[in-house]
Number of protein chains: 2
Amino acid sequence: MSLSQTPSAHVSARGVIPDATVSRLPMYHRSLLSLTARGVLLVSSEELAEASGVSSAKLRKDLSFLGSYGTRGVGYDVEFLLYQIARALGLTQVWPVVIVGIGNLGNALAGYPGFASRGFSVVGLFDTDPQRVGESVTVAGKEIVVTDISKLPQVVLSTGASIGVIATPEAAAQEVCDVMVRNGITSILNFAPVLIEVPAGVDVRRVDLATELQILAFHEQRKSQSALTQANAG
Amino acid sequence: MSLSQTPSAHVSARGVIPDATVSRLPMYHRSLLSLTARGVLLVSSEELAEASGVSSAKLRKDLSFLGSYGTRGVGYDVEFLLYQIARALGLTQVWPVVIVGIGNLGNALAGYPGFASRGFSVVGLFDTDPQRVGESVTVAGKEIVVTDISKLPQVVLSTGASIGVIATPEAAAQEVCDVMVRNGITSILNFAPVLIEVPAGVDVRRVDLATELQILAFHEQRKSQSALTQANAG
DNA sequence: TAGATTGTTAATCGATTAACAATC
DNA sequence: TAGATTGTTAATCGATTAACAATC
């Protein structure tokens, strides 16, 4: 799971979009992309919900926060709904992104095809390790050279990047965060397993890969315990 | 954010632990680890909540689902609470984990120090690409050779692994999932940006790195819109 | 018109919060 | 005892769900 450090609902053309709804929009977006790829033109709430792993009631409720983009008795125009969701999510523009910490994880993120394909453009890769600085990484078909973090300010300035990704070890995360914030980054995706402090107005989302495994372990443990209980009862 | 495909609350010695609470236990666990490292012996709900980014009321409520492990007027014994949370999460045992798909992301996951340090042991790395099979990867100080996925059954059998990680491209995810499930894996962490189908009793958690960026983009867009609105109003 | 499916309502459920009695 | 802090209660808030009127 990822942990938002800055929750609360948000304003759209229609009014407020609940956080729970916002968190599901990317899934709907992806399902619609897949339908487009298969040449499907029209989809019902039942079908799209099934493809997205939610109930149709929840899907219709979620979509209703964006507007009335379906046709009663018919369904949703795939192309049109895709555009409306993309617009709501802010994916009708390209977002320049900088990544700091180009170890295993930073490399994986830089090369992640899902970034480029969904409107994000990696415009800078930074590290402090002299071993890594100067290396070049293939990002979305073009080579990007890993640069010392001291060059971050001018890259952010010249590209207008407002989103930064932290993929450093825990110890460096807060300092990297401070550099980012000082230079105009206002949204941070943090993969370091630590809570970082940011001024008001800066959004942070944290993804901790081990957290997800821990939650699975919790469920596993529960399953083996209930198996034991059943064995004892039976 | 990560998306659980199998929600609902769970049973502990005390009774039911709500999902919202379970999702925060890893954070508390990590905060307590950090306190231990700094030699702190005692912590109040106020301090631990601050370190974990939640309110003290929420923290106390969450802990109350595990049991009464604090002392009124005093606080919580760090070591003891750490153990109780670890026990609740199932971290008092080592969980063998297999990873399938050893590209950039799989490599990053295999080398992630947070896995070993929190009771997970990577016991197998699998791929289908003949280029990758045979390569060796350093995991927690020891070399593991990437093996063809046809060898997964015997590794799962010999290690008793019940947790699997999918780090393949989207197209391979369902097939890999089927192989895992057929061979006794009952918890899956899925990094492929697609919903996978599993039989009842198998837990899946999905982490989509792009989803997190999309949610940040949503917030960014909102911020620039409200800046515009303010400018027009002022 | 008859059939289908949306968008909305209202009821239910679960999570959060503040306040405070219990108790060290 | 006085001060501090937990564990629990009850009120509030937000999310989910089922049902159905609206309408294509």
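Protein chains get the first letters and strands the later ones, always in sequence-line order, with residue 1 at the start of each. All values below were derived from every heavy atom in this structure, side-chain atoms included, with hydrogens, water molecules and symmetry-related copies excluded. What you see is a predicted model, and the numbers here were worked out from it, not measured in a lab.
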J.: Is a donor on one side and an acceptor on the other found under 3.5 Å between the side chain of A:Ser55 and the backbone of A:Lys58?
T.: yes

J.: Over how many whole Å does the gap from A:Asp19 atom CG to D:dC13 atom P extend?
T.: 17 Å

J.: What I want to find out is whether B:Arg30 reaches A:Glu170 closely enough, with some N-O distance under 4.0 Å, to be called a salt bridge.
T.: yes

J.: Grab the N/O contacts between the protein and nucleotides 19-22 of chain C below 3.5 Å, and write none if there aren't any.
T.:
{"residue": "C:dA22", "atom": "N3", "partner": "B:Arg72", "partner atom": "NH1", "Å": "2.9"}

J.: Taking A:Gln214 for its side chain and B:Leu91 for its backbone only, find out whether a donor-acceptor pair lies under 3.5 Å.
T.: no

J.: Give a yes or no answer on whether the side chain of A:Trp95 reaches the backbone of A:Gly90 with a donor-acceptor pair at less than 3.5 Å.
T.: yes

J.: State, yes or no, whether a side-chain contact exists between B:Tyr28 and B:Leu82 at a heavy-atom distance under 4.5 Å.
T.: no

J.: For A:Leu63 and C:dG7, give me the distance from atom CG to atom C1', rounded to whole Å.
T.: 10 Å

J.: What is the distance, to the nearest angstrom, from the NZ atom on A:Lys61 to the P atom on C:dT9?
T.: 9 Å

J.: On the nucleotide D:dC24, are OP1 or OP2 found under 4.0 Å from the side-chain N or O atoms that A:Tyr76 carries?
T.: no

J.: Apply side-chain hydrogen bond (donor to acceptor under 3.5 Å, both in side chains) to residues A:Ser45 and A:Arg60 and explain how you reach the verdict.
T.: CA-CA 6 Å; A:Ser45 63; A:Arg60 288 199 302 278; 3.0 Å; yes

J.: Would you write the dot-bracket representation of DNA chain D, where each base gets (, ), [, ], | or . depending on whether it forms a Watson-Crick or G-U pair under 3.5 Å and with which partner?
T.: ..||||||||||||||||||||||

J.: Whole angstrom is fine here: how far is it from CG in B:Asp77 over to P in D:dT6?
T.: 13 Å

J.: Could you tell me the separation between the CZ atom of A:Phe65 and the P atom of C:dT6, rounded to a whole number of Å?
T.: 17 Å

J.: So does B:Ile17 get a backbone contact from the side chain of B:Thr21, meaning a donor-acceptor N/O pair under 3.5 Å?
T.: no

J.: Without swapping roles, check the side chain of B:Ser31 against the backbone of B:Met27 for a donor-acceptor pair under 3.5 Å.
T.: yes

J.: If you assign A:Ser55 and A:Thr71 each to the DNA chain D nucleotide with the nearest heavy atom, which residue ends up on the more 5' nucleotide?
T.: A:Ser55

J.: If you take any heavy atom closer than 4.0 Å to DNA chain C, which residues from residues 41-50 of chain A end up in contact?
T.: A:Ser44, A:Ser45

J.: Nearest whole angstrom, please: distance from the C1' of D:dT6 to the OH of B:Tyr28.
T.: 15 Å

J.: Taking the six-membered ring for Trp, are the ring centroids of A:Phe80 and A:Tyr69 within less than 6.0 Å of each other?
T.: yes

J.: Using whole Å, what does the distance between atom P of nucleotide C:dT16 and atom NZ of B:Lys58 come to?
T.: 4 Å

J.: Please give, in whole Å, the distance from D:dG14 P to A:Ile17 CD1?
T.: 16 Å

J.: Determine whether B:Glu220 and A:Thr186 satisfy the following criterion, side-chain hydrogen bond (donor to acceptor under 3.5 Å, both in side chains), listing intermediate values before the conclusion.
T.: CA-CA 7 Å; B:Glu220 263 314 300; A:Thr186 47; 2.7 Å; yes

J.: Less than 4.0 angstrom from a charged side-chain N to a carboxylate O is my criterion; do A:Arg24 and A:Asp19 meet it?
T.: no

